[in-house]
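The structure appears right after this line, and notes come after that.
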Amino acid sequence: MSFQDIITSDIRERLSRPTGDGGTCLPNACYTDAEWLKLENERLFARTWMYAGCLDQLAQPGDAFPTTIGGKPVLLVHGRDGEIRAFHNVCRHRGAVLVDKPCKGLAALTCPYHAWAYGLDGSLRTRLHFDGAGKHDLSGQGPGLVPIPMAMWFRAIFINLDGKAEPFEDYIAPLGARLPHHDLGALRLHKTVEWEFRANWKLVFENYFDNYHIGTIHPKLDAFAPMVDRRGFEPLGKFLHTELYFDAPEDGRGVGLPYYPNLPPGEDRFEAGYHLFPSCCYQVWLDQLTIFQVFPIAPDHTVEHLHVFLIGEAATDPAYGEAAQGVCDMWDELNREDVDAIEWMQKGRQSPAFDGGMLSGWWDQSHQHFARLVVEAMS
Ligand code: FES
Ligand SMILES: [Fe+2]
């Protein structure tokens, strides 16, 4: 189906109504149609800043980290000169993917197919046997890797595939402004956990910024920070945010691990969740940050990475092992509770009786805002 077939004037009209007063979300085809996902790759993920990884995944000069963003193979490289660069992860010769797993200690990026070698800065270095057996091209002249604009925010790496997004500083400033007391530079990656859902990537995020289900699905989280203290995630331009103060830390959230350094009094009871459209979610508790990153495989198939960051040496020092495991166990429990809900919504999107939903004005503003952002970005 084409964009116009899916986003009809009727859908646009209902998207524009107030949440809780006739406003609605995206129609089913946005979650089930393969053409729509193709369009998302072209118009949504390529045109905006996307979380691509973090410095800890390529900590040393000579490290390279392949990933997939918006369906495109991408390579992050830590140069010998200390620079972090992003490239399209494809050899200029016959189009083989250049690096297919994280590598360390590289002096060059050598294609596994015919051994063209590129410097860590992306420039072409050598083409062995290029003019016949034993006749090497050592001139260093020729097509280098195609760079992708990138930006770092603390240790997080963002890329913009089409190079036409707004300046990164403008994109990230509202999030920075909401976390004035949290030194995100103190974080180190503890663990990345992979989850798989038989559901569209949007439902994985939409479930993240749904505070309404905490009472029904997450009894432990509800006891920690009850529904009565919450409201829905609130829109803020290209962000959604929810923030509250909880009473006391518990295992997996603030016990046995160092807190963000120099938090002012009271700020150690701060919880925050952010969705950075459309790329990722940032969940902040006093001793951790977890970034949710999704990899759409098919309209009804998503891989999610949960990157769990802890403060400083707590991320790697075995002395903190038990408490760090407590954080991962907490996330594991939460995600297990969520899998079914996410997949129920995907199944429901096969039903002609669902047409974008009837929303709660209190809880669901975030969902309608997200739907509007999707349509706006893809129009
Ligand atoms: S495809 Fe890379 S050297 Fe041939
Ligand atoms: Fe949940």
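Just so you know, ligand 1 is whichever comes first in the structure, and atom 1 is the first atom listed for that ligand.
- The protein heavy atom nearest to atom 1 (S) of ligand 1 is R94 N, 3.3 Å.
- Metal site remark for the Fe ion (ligand 2): D210 contributes no N, O or S atom at a distance under 2.8 Å.
- With a 4.0 Å cut-off on non-hydrogen atoms, Y113 touches ligand 1 through its side chain and not its backbone.
- Using a 4.5 Å heavy-atom cutoff, the side chains of F233 and H367 are not in contact.
- The shortest distance between side-chain heavy atoms of H307 and Q293 falls below 4.5 Å.
- The nearest protein atom to atom 4 (Fe) of ligand 1, hydrogens excluded, is given as H114 ND1, 2.1 Å; this is a heavy-atom distance.
- Here the N, O or S atom of D338 that is nearest to the Fe ion (ligand 2) is OD1.
- Listed by number with element, the atoms of ligand 1 under 4.0 angstrom from any heavy atom of W116 are 3 (S).
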ask   = Does the pair C281 and F205 meet the rule for a side chain to side chain contact (heavy atoms under 4.5 Å, CB included), with working shown?
value = CA-CA 8 Å; C281 303; F205 280 162; 3.5 Å; yes

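- Taking the centre and axis of the six-membered ring of Y113, the NZ or CZ atom of R94 falls outside the cone set by 45° and 6.0 Å.
- Atom numbering of ligand 1 starts at 1 in the shown order; those under 4.0 Å from a heavy atom of C111 are 1 (S), 2 (Fe), 3 (S).
- Under the 6.0 Å distance and 45° angle rule, R253 does not count as a cation-pi partner of F246.
- In this structure, the side chains of Y208 and Q283 come closer than 4.5 Å at one or more pairs of heavy atoms.
- Using a cut-off of 2.8 Å, one finds that H93 contributes an N/O/S atom close to atom 4 (Fe) of ligand 1.
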